[in-house]
There are 2 protein chains.
Amino acid sequence: MSTEDETVDGVFRALADRSRRALLDALFARNGQTLSELCAGRGMTRQAVTKHLGILESANLVASVKRGREKLHYLNPAPIHEIGDRWISKYERTRLDALFDLKKALESDNE
Amino acid sequence: MSTEDETVDGVFRALADRSRRALLDALFARNGQTLSELCAGRGMTRQAVTKHLGILESANLVASVKRGREKLHYLNPAPIHEIGDRWISKYERTRLDALFDLKKALESDNE
DNA sequence: CTTATAGGCAACCAAATGGTTGCATGTCAA
DNA sequence: TTGACATGCAACCATTTGGTTGCCTATAAG
């Protein structure tokens with residue numbers, strides 16, 4: 001029955017929030033930003049952003065390094081690709097099959 | 001600033017739950033199952049499963065057809081691939097770059 | 001030394017989420 | 001027609017979640 005990987009769940013949960021995806025986008029645009037930088041323009045408090053970054057770090061999507069009094073954040077795209085490779089690609093085979101099944105079901109509906 | 005697509009958000013949120021991914025897996029294994037069939041073995045009530053399927057339908061990941069007194073469910077893998085193509089692949093470029101940035105940051109940490 | 005800046009920690013709160021129970025409805029079968 | 005089976009609908013509940021405010025610590029700059 002292969003219980004799903006714990007890691008996968010964490011990543012999906014982390015990606016479920018718009019603000020967190022926006023943070024990843026920000027790091028994608030410019031890697032190594034400080035907390036304050038990542039807070040700029042977002043309509044929420046620094047503490048809220050801290051929490052989001054915490055969740056992203058728990059999911060291993062972001063790594064951070066303290067330098068002096070500031071904390072630099074780095075994007076780790078690996079888990080995203082794991083999702084792509086291990087999870088999404090699994091559904092590749094059914095691309096057309098599923099639609100066919102559905103159409104067939106719709107037809108036999110009026111028997 | 002390109003506000004993220006509304007669709008993408010719905011899909012990510014739908015995929016954030018283990019039980020819902022399990023339902024997709026079930027339909028992947030055998031397409032066109034009834035509600036009762038999809039309930040079997042899952043440790044929750046039929047109503048809970050109904051809600052999950054509702055969310056999956058809202059995200060367009062599942063389509064359903066009523067046949068007689070039963071409701072058949074069909075997997076729609078298209079939104080999953082949209083995520084893969086439009087969102088995940090975006091992070092493809094940074095595969096190695098990001099790690100490099102991080103290592104560089106770690107080195108310059110002890111200056 | 002003093003002060004401004006960057007960030008951490010914890011309590012608290014409203015709303016969303018995942019789940020339940022109870023009951024109503026529609027459809028097939030005897 | 002009378003059950004039995006498959007599903008729908010709604011109220012309700014506990015927990016999680018996304019966010020806040022308030023305060024405390026540490027480092028850099030004057």
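The figures that follow rest on heavy atoms only: side chains count, while hydrogens, waters and symmetry mates do not. Residue numbers start from 1 in every chain, and the chains themselves are labelled A, B, ... in the order their sequence lines are given, proteins ahead of strands. Here the structure is a predicted model, which means the values were calculated and not measured.
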To the nearest angstrom, the CG-P distance between Leu38(A) and dG8(C) comes to 12 Å
What is the distance from CD of Gln33(A) to P of dG7(C), rounded to the nearest Å? 11 Å
So, do Leu15(B) and Leu61(B) sit near enough that their side-chain heavy atoms are less than 4.5 Å apart? yes
Taking only N and O in the side chain of Thr45(B), is any of them less than 4.0 Å away from OP1 or OP2 of dT20(C)? yes
Give a yes/no on whether any side-chain N or O of Lys71(A) is located under 4.0 angstrom from OP1 or OP2 of dG8(C). yes
What nucleotide, of dG7(C), dG19(D), dG18(D), holds the atom closest to the side chain of Met44(A)? dG19(D)
Within the 4.0 Å heavy-atom criterion, would you say Arg13(B) contacts the bases, only the backbone, or no part of the nucleic acid? sugar-phosphate
Round to the nearest Å and state the distance from Arg42(B) atom CZ to dG19(C) atom C1'. 15 Å
Between P on dG18(C) and CG on Asp9(A), what's the gap in Å once rounded to a whole number? 11 Å
Any side-chain heavy atom of Val11(A) sitting closer than 4.5 Å to one from Glu82(A)? no
Has the side chain of Arg46(A) got a donor or acceptor that lies under 3.5 Å from a partner of the other kind on the base of dG8(C)? yes
Is there side-chain contact between Arg13(A) and Arg20(A), with at least one heavy-atom pair below 4.5 Å? no
Can you check the Lys66(B) NZ to dT25(C) P distance for me, whole Å? 14 Å
Position toward the 5' end of DNA chain D (nearest nucleotide), Arg69(A) or Ala48(A): Ala48(A)
Between the base of dG22(D) and the side chain of Gln47(A), is there a donor and acceptor pair under 3.5 angstrom? yes
Between the side-chain atoms of Arg20(A) and the base atoms of dG18(D), is any donor-acceptor pair under 3.5 Å? no
Side-chain N or O of His52(A) versus OP1/OP2 of dG19(D): is the shortest distance under 4.0 Å? yes
Starting at atom CZ of Arg67(B), determine the distance to atom P of dG26(C), rounded to an integer number of angstrom. 21 Å
Would a 4.5 Å heavy-atom cut-off, applied to side chains only, mark His52(B) and Asp17(B) as touching? yes
So which one's nearest nucleotide on DNA chain C is more toward 5', Lys51(B) or His73(A)? His73(A)
Counting only side-chain heavy atoms from C-beta out, which of dG8(C), dT20(D), dT27(C) sits nearest to Leu35(A)? dG8(C)
Between dT25(D) (C1') and Glu70(A) (CD): distance, integer Å: 16 Å
For a 4.5 angstrom cut-off between non-hydrogen side-chain atoms, does Tyr91(A) reach Asn76(B)? no
Starting at CZ of Arg18(A) and ending at P of dA16(C), how long is that distance when rounded to a whole Å? 14 Å
